[in-house]
Amino acid sequence: MSDNQSYYKSKRFRSILQYYEECERDDVPCIISSDDYVDIAEYYNVVKNNAEKAEKVIDTAIKLYPGVTSPLVFKSRIMLFVHHDAEKARHYLSLAEDQNDLDVYYLTAEMMIVDDKIAQANDYLKEKLTEVDEDDQQDYIWDVANLFLDYNNSEIADEWIAMIDDKEGTDYEELVSKSLICKGRYDESVEAINHLIDKNPFSNDYWNLLTMTHLKSEKNEEALDSSEYSIALNPEDEVAILNKGYALYQMGNIEESITYFKRYIELCPDDEVGPFNLGSCLVDLNRYEEAEAYFKRAETLADQDSPRYIDILQNLLYISDKLGKKKDFQSYLQKIDQLPSDDAQTLIEKGIVFLFYGIYDKAEAYLLKALRKGGKSKEVLLQIASLLADNGFYISEDGKLEELKDNQTNKENSDELDNSTSE
């Protein structure tokens, strides 16, 4: 469990949260520190999955403490990652009185990374390193390495990891382990994580990291074992419980995995991950009515920016088709069609949906747009080429989707979608 998650369960935080919620209920001023406001906003955002309420909390903090850095950094992150408004994100960050705060440096660089200016972000952070107090430099280096690992850039992360002075310390070993995972060198990462566990066998974080590595390398029995060690240390560790569910599912023990996904829902009722995974299990068991209820719950909990949101809609589309719910089918088809498509992967996923259901004009439009968006990426090109070949299609020289085999459902399904969207 992360330090923040532990703090959210502490008596101190629960007392502050209760005081805040009582003040909110009674519509009276809540006198707490700016850091306490940020902790409450982070709690609503991460634990309760409620960005709207988190933003309301942080707006209050900004009014009470104008110019204080931590609330403005939080607001800036909300603007960047929830509202996708980089200009407003930069505006709120510029209001922070302490522009030399490390969190300002990190978020400024992260904005560059999000804008695909990776090298510029790295240069900026290296330049700022010279301005960081000597006592804080090692922490700064560790944070920057983690930032690049969060974006799966192990090459740049390794540059920063090499700057860590204490090569025998756990901080260094953790970063090396994560970098190895990022590179897909799972056997080496397992060895490194086991070394960390030898130093601290009572760390849930290390056991959970080991489980994740085993899951990525499809060593499901080993993943099950390490997840059980973590649960033995803390029976309410939600990450360990979720990981055990994943391991059981991948081993084909679907009924047993359901038990752990249900337990995860009990511990994290506001996270769409639980009902999503439980719904997936029920679909595999052909229990479509039950699965539908869980996917609807997941849809309610998930933000449209969630990486699972389109998968949730795809499952609801599939279930409505299986249950013969034509109105629901068209509704979910339209929702998928109307989703923002800012990246090649989302465009590909939308193309897959329309290709699967024989709506080839829509599939063509999305896949060609995905090619334009990510055409320089070998991964994107291979993914689209494989998808089309598997379904008997190719893209002609004039940029059209052409069939390799007969399929007569295009016009019928396209007309059905057009009629439903015009109603």
Side-chain angles (χ1 to χ4, degrees), residues 1-83 85-86 88-111 125 128 131-144 146-147 150 171 204-205 236 238-239 267-271 303:
M1 186 185 301
S2 69
D3 291 341
N4 279 351
Q5 292 289 342
S6 297
Y7 177 64
Y8 297 145
K9 294 183 178 182
S10 69
K11 288 183 178 179
R12 182 185 187 281
F13 177 75
R14 302 308 298 185
S15 175
I16 293 169
L17 178 64
Q18 182 180 356
Y19 171 61
Y20 169 80
E21 291 180 339
E22 287 173 354
C23 290
E24 184 184 36
R25 183 194 63 209
D26 298 336
D27 196 24
V28 297
C30 179
I31 311 303
I32 54 178
S33 72
S34 59
D35 287 340
D36 287 336
Y37 268 108
V38 172
D39 287 339
I40 292 170
E42 189 72 32
Y43 168 79
Y44 283 130
N45 190 43
V46 174
V47 178
K48 306 303 286 184
N49 198 33
N50 191 333
E52 183 179 352
K53 191 155 189 177
E55 188 171 11
K56 181 182 177 183
V57 172
I58 218 64
D59 285 343
T60 302
I62 290 170
K63 288 177 184 176
L64 289 173
Y65 301 99
V68 174
T69 302
S70 55
L72 287 165
V73 167
F74 191 97
K75 177 71 173 183
S76 181
R77 293 187 68 84
I78 289 286
M79 298 312 301
L80 184 64
F81 295 109
V82 176
H83 299 297
D85 192 329
K88 284 188 178 179
R90 284 189 288 270
H91 166 71
Y92 280 105
L93 198 59
S94 72
L95 297 178
E97 290 177 353
D98 185 3
Q99 287 295 307
N100 293 317
D101 188 285
L102 299 188
D103 286 333
V104 173
Y105 293 167
Y106 301 147
L107 186 52
T108 300
E110 194 165 5
M111 289 181 190
L125 289 166
K128 291 301 180 184
E131 301 175 23
V132 175
D133 290 341
E134 189 174 347
D135 290 344
D136 296 328
Q137 284 187 355
Q138 287 296 301
D139 287 339
Y140 177 85
I141 289 167
W142 188 86
D143 287 338
V144 172
N146 263 311
L147 174 62
D150 285 344
D171 285 350
N204 282 96
D205 287 342
E236 294 194 349
E238 61 270 20
V239 175
L267 292 170
C268 304
D270 300 300
D271 187 354
D303 187 88

* Would you check, one step at a time, whether the test side chain to side chain contact (heavy atoms under 4.5 Å, CB included) holds for Leu125 with Leu147? => CA-CA 11 Å; Leu125 289 166; Leu147 174 62; 4.2 Å; yes
* To do: Determine whether Met111 and Leu93 make a side-chain contact, defined as any pair of heavy atoms from C-beta on separated by less than 4.5 Å.
  => yes
* To do: Kindly say whether the aromatic ring centers of Tyr106 and Tyr140 come within a distance under 6.0 Å.
  => yes
* To do: Locate the shortest heavy-atom distance separating Pro66 from Glu97; write the atom from each residue and the value.
  => O-OE2, 3.9 Å
* Asked: Are any of the side-chain heavy atoms of Phe74 and Asn45 separated by less than 4.5 Å?
  -> yes
* Do Glu42 and Arg77 touch side chain to side chain, with heavy atoms closer than 4.5 Å? -> no
* **Qualifying residue, where the test is ring-ring contact (aromatic ring centres under 6.0 Å, His included) with Tyr43 and the options are Phe13, Tyr7, Tyr37** => Phe13
* **Under 3.5 Å: donor-acceptor pair, side chain of Glu236, backbone of Leu267** => no
* Asked: Are the side chain of Asp133 and the backbone of Asp136 linked by a donor-acceptor contact shorter than 3.5 Å?
  -> no
* Asked: Which residues pass the salt bridge (charged side-chain N to carboxylate O under 4.0 Å, His left out) test with Asp36, sequence neighbours left out?
  -> Arg12
* Asked: Considering all heavy atoms of both residues, which atom of Tyr19 and which atom of Pro29 are nearest to each other, and what is their separation?
  -> OH-O, 4.1 Å
* To do: To the nearest 0.5 angstrom, please state how far the OG atom of Ser94 sits from the NZ atom of Lys88.
  => 13.5 Å
* Check salt bridge (charged side-chain N to carboxylate O under 4.0 Å, His left out) between Glu134 and all other residues, then give those that pass, not counting sequence neighbours. => none
* Structure fact -> Smallest heavy-atom separation, Ala51 atom then Ile78 atom, equals O-CD1, 4.5 Å
* With a 4.5 Å heavy-atom cut-off, do Lys9 and Arg14 have their side chains touching? -> no
* To do: Determine the minimum heavy-atom distance between Tyr105 and Asn100, stating which atoms define it.
  => OH-OD1, 3.0 Å
* For Gln138 and Asp135, indicate whether the former's side chain and the latter's backbone hold a donor-acceptor pair under 3.5 Å. => no
* Structure fact -> Separation between OG (Ser76) and CZ (Phe81), nearest 0.5 Å, reads 8.5 Å
* Side chains of Ser70 and Asp35: does their closest heavy-atom pair fall under 4.5 Å? -> yes
* Interatomic spacing from OH in Tyr44 to CG in Asn50 - rounded to 0.5 Å -> 8.5 Å
* To do: Run through Val104, Asp101, Val38 and flag the one making a side chain to side chain contact (heavy atoms under 4.5 Å, CB included) with Val73.
  => Val104
* Asked: Taking atom NE2 of His91 and atom CG of Asp85, what is their separation to the nearest 0.5 Å?
  -> 10.5 Å
* Starting at OG1 of Thr69, measure out to CG of Asp98 and round the result to the nearest 0.5 Å. => 4.5 Å
* Mind checking whether Ile16 and Asp39 have side chains closer than 4.5 Å, heavy atoms only? -> no
Do any side-chain atoms of residues 56-65 form donor-acceptor pairs under 3.5 angstrom with protein atoms, and if so which ones, sequence neighbours left out?
unit_1: Lys56; atom_1: NZ; unit_2: Glu24; atom_2: OE2; d: 3.3
unit_1: Asp59; atom_1: OD1; unit_2: Lys75; atom_2: NZ; d: 2.9
unit_1: Thr60; atom_1: OG1; unit_2: Lys56; atom_2: O; d: 3.2
unit_1: Tyr65; atom_1: OH; unit_2: Ile32; atom_2: O; d: 2.5

* Asked: Got a sec: does the NZ of Lys128 have more than 12 other heavy atoms crowding it under 6.0 Å?
  -> yes
* Asked: Mind checking whether Glu52 and Glu55 have side chains closer than 4.5 Å, heavy atoms only?
  -> no
